[in-house]
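Structure first, commentary second.
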Amino acid sequence: MTPAPVIIAIDGRSGAGKTTLAIELAATLRNHHKVSLFHLEDIYPGWDGLSAGVERYVTTVLAPLSRGEAASWVSWDWKNHNDGDPRVTLPAEIVIVEGVGAAAAAARPLLDAVIWADAPDGERRTRALARDGETYEPFWDQWASQEAELLGTDDIPQHAHVRVLNRADGTAPADALQALTYLPALTTALVPELSSRRGLRLLSERIDASPDPAALFRALYGASANAVWLDSSLRPAGAADAAGRGRETPATERSRFSILADDGGTFGQSVLHSSGVTRVTAGCATANVSGPFFRWLETVWGRKAVRGPEDYPCDFALGWLGYLGYELKRETGGEDVPSDTPDAALIFAGRGVVLDHTDNTAWLLALDAPDAADWLAQAREAVTAAPVAGGSNGVVLPAANAAVPAQTTTPARNAAPAFAGRDSEAGYKRKIAEAQHQIAEGNTYEVCLTTTLAAEVPALDAWAAYLALRRRNPAPFASYLRFGGLTVASTSPERFLRIASDGGMRAEPIKGTRSRAADPDADAALRHDLATSLKDRAENIMIVDLLRNDLSHFAEPGSVTVSRLCEIESYATVHQLVSTIDAVLLPGSPRAEAVAACFPAGSMTGAPKISTMAILDRLEGGPRGVYSGAIGYFSLNGATDLAVAIRTLVVQDGGEGSTVRLSLGVGGAITADSVAQDEYEEIRTKAYGVLSTLGSTFPD
């Protein structure tokens with residue numbers, strides 16, 4: 001008896017391409033494995049025999065194979081309509097079984113993975129009859145009714161680990177195999193296939209150019225369903241030395257690079273995680289992986305799979321980009337709160353463009369693949385054809401005493417969205433009082449209380465809205481994320497966490513905010529008020545202490561330092577109090593777990609983190625969604641750079657005929673010394689940049 005094999009079932013309705021998919025998948029797997037293949041059509045006892053055939057298959061074929069034993073079974077003679085010859089199927093390292101009912105309820109306990117193949121009804125009939133028309137056509141309806149009866153009592157597709165939309169274009173086998181490599185049950189069996197993730201070669205090209213990033217993004221990815229623009233393009237006014245190069249300040253360091261990518265090409269993938277299930281889509285195949293998101297992230301990121309090009313200054317060397325929602329706190333000590341947006345949304349970019357706003361260069365990056373040369377040529381043409389970025393890339397950080405323009409910048413001619421708050425002013429102030437009661441009881445020291453503003457509109461051009469936002473409120477961690485009907489438009493100024501490829505770690509929390517004033521003297525007074533506020537300084541220092549603790553879990557002992565404490569940075573609509581905490585990642589540490597140890601950002605929870613998150617769940621009475629999470633990248637060289645998802649508009653378009661839902665989260669830190677009216681005015685200040693851009697006002 002041989003060891004028990006790994007058994008993969010390929011199920012689906014007739015004509016979905018199961019047989020071809022199984023044969024081609026088996027051929028690919030035979031490059032590294034011994035593979036047996038079994039077709040259920042050889043065992044069904046006639047055109048009325050679907051149910052009986054499934055029973056025969058489970059008892060005489062699947063059961064012995066699952067034990068590592070040879071399966072002896074009787075074939076069906078379709079020409080003479082009776083039992084045919086006895087046959088034997090030998091076990092192997094991997095066994096693939098395919099056919100209608102291959103993953104039926106009785107079979108599933110014996111299977112390691114289930115693939116459901118699908119295709120449109122009309123195409124299925126055409127394909128099936130093209131292959132077996134003479135014998136099959138008279139029985140199509142009869143067989144289809146049996147399929148419907150089986151699926152009516154056994155929802156096999158809902159139990160599939162991988163679903164494949166088989167377009168019969170030759171892509172299904174490779175996409176299905178890519179999806180299978182994400183299944184924990186197959187990790188050991190598919191080690192050779194998994195190793196291909198690490199044997200990657202990075203192609204690059206440097207172009208001396210400063211293309212307008214918005215024009216370039218639209219040219220390359222305007223038609224992409226899933227695309228990401230990490231728009232870290234803010235340049236400080238007047239920060240140039242005698243040679244014309246920008247002086248390195250915290251703002252310039254955070255604002256040097258913009259990253260543009262989608263999930264197209266050979267390696268392109270997308271990921272959505274909700275409530276403990278990670279859905280990975282690779283081409284026409286989608287894998288559902290149950291388990292914590294950060295555990296999944298550790299399997300696909302953290303090991304250095306590529307090296308960056310020589311003299312390449314950015315730490316992003318292709319990889320995963322997108323957002324982590326606040327509700328992932330369920331994996332880091334928080335409670336489980338369902339959200340109406342995915343808890344995480346990422347794309348895998350196997351090619352992309354990085355703009356260096358300091359050196360005025362564009363870097364084209366692509367993983368070596370058959371389609372890489374064509375894409376590099378297309379990207380090169382787009383970069384050279386794009387208009388030159390205006391001024392300092394078109395967005396400039398105002399000087400500390402710069403006046404704020406009084407006018408708003410509306411993204412469309414439609415009526416301004418009318419936002420409603422989750423909390424009224426009185427209701428929010430009551431929650432402030434309850435937070436202070438929790439502080440007085442010793443249950444917390446600081447509570448970052450938030451609320452949500454929401455609106456529904458007939459339509460909204462999310463792209464135009466984002467362009468207006470970045471003009472109105474430029475920020476070093478601005479970003480535009482598009483995942484089908486979900487768009488995230490963020491103008492965040494705050495870094496959550498950076499882990500460099502060499503292990504350097506940095507967090508830069510913001511705690512303490514004042515609005516900007518058009519009058520220079522008034523603006524300077526607001527800045528001075530923030531700089532001298534004992535309350536705001538205390539809030540900031542509490543979060544610094546929390547983040548020092550978070551970083552220490554995976555840092556080299558003694559490496560955690562505070563390099564900046566409570567320094568003021570000024571943006572278009574606000575002054576902010578910012579600190580910087582640095583550390584060095586302990587060699588060999590799991591990088592995804594290091595991110596999880598800091599998640600969510602302490603500046604968005606309060607301290608101590610876990611007990612305060614539980615208090616916030618009770619007070620806020622609903623999910624935060626994308627807001628308060630993180631936006632950024634996880635690079636193939638082990639680096640990550642993530643911003644806190646604040647100043648962030650979330651746009652959900654349900655499709656034709658439905659309204660568009662908008663949401664904006666705002667909040668502030670509550671301490672024992674907080675004054676309710678001041679805290680309420682602070683959330684109005686924080687909402688102003690986004691609301692004024694849309695032509696909207698804070699709800700009464």
Side-chain angles (χ1 to χ4, degrees), residues 1-13 16-19 21-26 28-30 33-44 50-73 89-118 147 150-151 153-164 166 172-173 175-191 193-194 277-280 285-291:
M1 185 176 69
T2 62
V6 168
I7 303 180
I8 302 170
I10 302 178
D11 208 329
R13 292 178 180 269
K18 300 181 299 300
T19 302
L21 175 58
I23 291 171
E24 295 182 0
L25 182 59
T28 301
L29 289 170
R30 284 184 179 121
H33 311 275
K34 292 182 179 180
V35 180
S36 287
L37 183 57
F38 177 77
H39 304 284
L40 266 73
E41 66 179 23
D42 293 335
I43 202 172
Y44 300 128
L50 175 56
S51 177
V54 169
E55 183 178 349
R56 282 189 179 191
Y57 145 72
V58 172
T59 57
T60 65
V61 178
L62 192 56
L65 288 177
S66 69
R67 298 190 295 267
E69 302 170 357
S72 299
W73 51 280
T89 298
L90 297 175
E93 182 185 352
I94 296 176
V95 174
I96 298 177
V97 293
E98 70 83 16
V100 180
R108 288 197 289 272
L110 306 176
L111 302 173
D112 295 285
V114 173
I115 298 175
W116 177 264
D118 209 350
E147 291 179 355
L150 171 65
L151 296 174
T153 57
D154 184 1
D155 193 353
I156 298 173
Q158 292 302 313
H159 295 278
H161 303 98
V162 174
R163 299 187 69 160
V164 176
N166 195 344
D175 292 343
L177 181 56
Q178 172 90 313
L180 287 172
T181 63
Y182 287 110
L183 303 183
L186 303 188
T187 299
T188 302
L190 299 183
V191 165
E193 288 74 20
L194 282 165
V277 177
T278 302
R279 191 165 78 247
V280 187
T286 298
N288 291 313
V289 184
S290 297

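For clarity, every value in this text was computed on a predicted model and none was experimentally measured.
Counting only heavy atoms from C-beta outward, the side chains of Glu69 and Pro91 never approach each other to under 4.5 Å. Between Thr286 and Val162 there is no side-chain heavy-atom pair separated by less than 4.5 Å. Counting only heavy atoms from C-beta outward, the side chains of Leu62 and Val95 never approach each other to under 4.5 Å. Using a 4.5 Å cut-off on side-chain heavy atoms (C-beta onward), Asp118 and Val164 make no contact. Side-chain contact between Val289 and Val277 is absent, with no heavy-atom pair separated by less than 4.5 Å. Side-chain contact between Leu180 and Ile8 is present, with at least one heavy-atom pair separated by less than 4.5 Å.
For Arg108, the salt bridge (charged side-chain N to carboxylate O under 4.0 Å, His left out) partners at least two apart in sequence or on another chain are Asp154. Taking the side chain to side chain donor-acceptor pair (under 3.5 Å) definition, one finds that Ser66 meets it with nothing, sequence neighbours left out. Scanning for salt bridge (charged side-chain N to carboxylate O under 4.0 Å, His left out) contacts around Arg56 gives Asp83, with sequence neighbours left out. Remark: Tyr57 pairs with no residue by the ring pair (Phe, Tyr, Trp, His ring centres under 6.0 Å) rule, at least two apart or across chains. Among residues two or more places apart in sequence or in another chain, the side chain to side chain donor-acceptor pair (under 3.5 Å) test is passed with His39 by Glu98.
Taken to the nearest 0.5 Å, the CG atom of Asp155 stands 8.5 Å off from the CH2 atom of Trp116. Residue Thr60 holds its OG1 atom at 10.0 Å from CD of Glu55, rounded to the nearest 0.5 Å. Taking CG of Leu110 as the start and CG of Leu65 as the end, the distance is 10.0 Å to the nearest 0.5 Å. Leu25 contributes atom CG, which lies 11.5 Å from atom CG of Asp175 (distance to the nearest 0.5 angstrom). Within the model, atoms NE2 of His161 and CD1 of Ile115 stand 10.5 Å from one another, a figure rounded to the nearest 0.5 Å. Considering CG of Leu190 and CG of Leu29, their distance stands at 6.5 Å, rounded to 0.5 Å.
Listed for the Arg30 side chain is a donor-acceptor partner under 3.5 Å among the backbone atoms of Val35. One N or O on the side chain of Asp11 and one on the backbone of Ala103 form a donor-acceptor pair closer than 3.5 Å. The backbone N or O of Ala71 sits nowhere less than 3.5 Å from a side-chain atom of Thr89 that would complete a donor-acceptor pair. Looking only at distances, a side-chain donor or acceptor of Tyr44 sits under 3.5 Å from a matching main-chain atom of Val100. The closest donor-acceptor contact from the side chain of Lys18 to the backbone of Ile10 lies at 3.5 Å or more, if one exists at all. The backbone N or O of Ile94 sits nowhere less than 3.5 Å from a side-chain atom of Lys34 that would complete a donor-acceptor pair.
Ala9 and Ala102 make their closest contact through CB-O, 3.7 Å (heavy atoms, listed as atom of the first residue, atom of the second, distance). Taking every heavy atom of both residues into account, Asn166 and Ala16 meet most closely at ND2-O, 3.1 Å. Shown here for Ile156 and Gly101, the closest heavy-atom pair between the two residues is CD1-CA, 4.4 Å. The heavy-atom pair separating Pro173 from Glu24 by the smallest distance is CG-OE1, 2.9 Å. Nearest heavy-atom pair across Gly99 and Leu40 is CA-CB, 4.0 Å. Minimum heavy-atom separation, Ala70 to Pro64: O-CB, 3.7 Å.
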(request) Decide yes or no on side-chain contact (heavy atoms from CB on, under 4.5 Å) for Ile43 and Trp73, but give the supporting numbers first. (result) CA-CA 8 Å; Ile43 202 172; Trp73 51 280; 4.1 Å; yes
(request) Carefully, step by step, assess Gln158 and Arg163 under the rule side-chain contact (heavy atoms from CB on, under 4.5 Å). (result) CA-CA 9 Å; Gln158 292 302 313; Arg163 299 187 69 160; 3.9 Å; yes
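Pairs passing the salt bridge (Lys or Arg N to Asp or Glu O under 4.0 Å) check and including a residue from residues 176-189, sequence neighbours excluded, do not occur.
Counted within 6.0 Å of CD on Glu93, heavy atoms from surrounding residues, nucleotides or ligands total more than 12; the atom is thus considered enclosed.
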